[in-house]
There are 2 protein chains.
Amino acid sequence: MDLLFKALADPGRRTLLDRLHANDGQTLGELCRHLDMTRQGVTQHLAVLEAANLVAVQRRGREKLHFLNPVPLQDIYERWICKFERPRLVALRDLKRRLEDGGRGATRTKGGKR
Amino acid sequence: MDLLFKALADPGRRTLLDRLHANDGQTLGELCRHLDMTRQGVTQHLAVLEAANLVAVQRRGREKLHFLNPVPLQDIYERWICKFERPRLVALRDLKRRLEDGGRGATRTKGGKR
DNA sequence: TTGACATGCAAGTATTCTCTTGCCTATTAT
DNA sequence: ATAATAGGCAAGAGAATACTTGCATGTCAA
């Protein structure tokens with residue numbers, strides 16, 4: 001989990017993820033072409049993304065294709081978003097109730113306690 | 001967004017978030033008491049979390065209460081999880097289809113192309 | 001084989017983080 | 001007022017990161 005957040009903590013690496021999302025399976029050269037980083041910089045960032053399992057590679061002759069792997073992002077969701085969003089959902093539910101109460105004067109919302 | 005990921009990229013800070021999630025509104029001293037970091041270390045980490053808007057503070061006399069703010073986590077979800085999970089969902093849908101096809105011999109699933 | 005292309009590797013430097021140390025201010029209780 | 005408690009501030013050391021440079025390896029086409 002540490003490698004994952006560390007990997008995401010750099011703007012250049014997040015840009016790379018966006019590029020791969022827009023066009024998956026790019027080679028190193030293709031990625032470099034549209035970014036103002038040196039090739040070596042991109043290589044090193046890609047290595048960090050690989051270590052975090054956010055990018056998978058496949059060799060094709062002398063080229064190296066890079067593919068996005070969204071699974072670790074899902075892990076973040078389950079460990080750090082789901083768990084922490086409950087208060088927010090509760091707040092939204094309460095807000096909704098209050099709006100409904102104010103608008104129609106009803107105390108119970110449809111569906112009741114659920 | 002950069003401050004946010006940077007804030008989450010440290011294990012100590014993630015521990016602090018967990019502590020606040022377990023027991024919201026703790027003072028600096030309370031947080032220190034159960035962590036093997038120095039008070040100054042905790043202070044600095046909390047400052048980073050504040051800068052990322054993950055923690056909100058409230059003064060009470062000479063004490064400082066710390067509250068978790070999950071909204072930035074939701075922002076991560078919308079920018080980095082939602083957007084990237086589609087391939088995964090597609091994969092799951094395909095898997096489901098294949099399972100249904102194998103189990104019942106049907107080619108089309110309910111709901112059609114959608 | 002030879003030249004061009006795509007990528008790999010490693011060392012050096014500069015920047016940024018993290019942790020520690022030492023002292024200071026503000027509030028509470030006696 | 002005094003002591004104890006809760007927290008604040010800032011400089012410095014050490015570690016981790018990010019970026020750059022130079023050269024090396026492997027692959028393709030002619």
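Note that the structure is a prediction, hence the values are computed from the model and not measured. Lettering of chains follows the sequences in order, A, B, ..., and the numbering in each one begins at 1. What's counted below: heavy atoms across the whole structure, side chains too, no hydrogens, waters or symmetry copies.
Relative orientation of the H21(B) and F84(A) rings is tilted, given thresholds of 30° and 60° on the angle between their planes.
The distance between atom CG of L3(B) and atom P of dT16(C), rounded to the nearest whole Å, is 14 Å. If you measure from atom CD of Q26(A) to atom P of dA6(C), you get 14 Å, rounded to the nearest angstrom. Rounded to whole Å, atom P of dA26(C) lies 18 Å from atom CG of L28(B). dC5(C) atom P lies 16 Å from atom CD of E30(A), rounded to whole Å. If you take CD of E63(B) and C1' of dA29(C), they are 14 Å apart, rounded to a whole angstrom. Rounded to whole Å, atom P of dC19(C) lies 12 Å from atom CG of L46(B).
Remark: R39(A) does not engage E30(A) in a salt bridge, criterion side-chain N to carboxylate O under 4.0 Å. A salt bridge does not link R14(A) with D10(A): every distance from a Lys NZ or Arg NE/NH1/NH2 to an Asp or Glu carboxylate oxygen is 4.0 Å or more. A salt bridge does not link R13(A) with E50(A): none of the charged nitrogens is closer than 4.0 Å to a carboxylate oxygen.
For the pair R59(A) and G29(B), both in contact range of DNA chain D, the more 5′-proximal nearest nucleotide belongs to G29(B).
Of the side-chain N and O atoms in K64(A), one or more sit less than 4.0 angstrom from OP1 or OP2 of dG8(C). An OP1 or OP2 oxygen of dC9(C) is reached within less than 4.0 angstrom by no side-chain nitrogen or oxygen of T43(A).
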What string of B, S and - do you get for nucleotides 12-25 of chain D, 5' to 3', if B is base contact, S is sugar-phosphate-only contact and - is no contact with any protein heavy atom under 4.0 Å? -----SSBBBB---

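When atom types are taken as modelled, the side chain of H34(B) and the backbone of C32(B) share no donor-acceptor pair closer than 3.5 angstrom.
Between L68(B) and the choices L54(B), L20(B), L73(B), L16(B), the side chain to side chain contact (heavy atoms under 4.5 Å, CB included) rule is met once, by L20(B).
No N or O donor and acceptor, one from the side chain of R62(A) and one from the base of dT7(C), sit under 3.5 Å apart.
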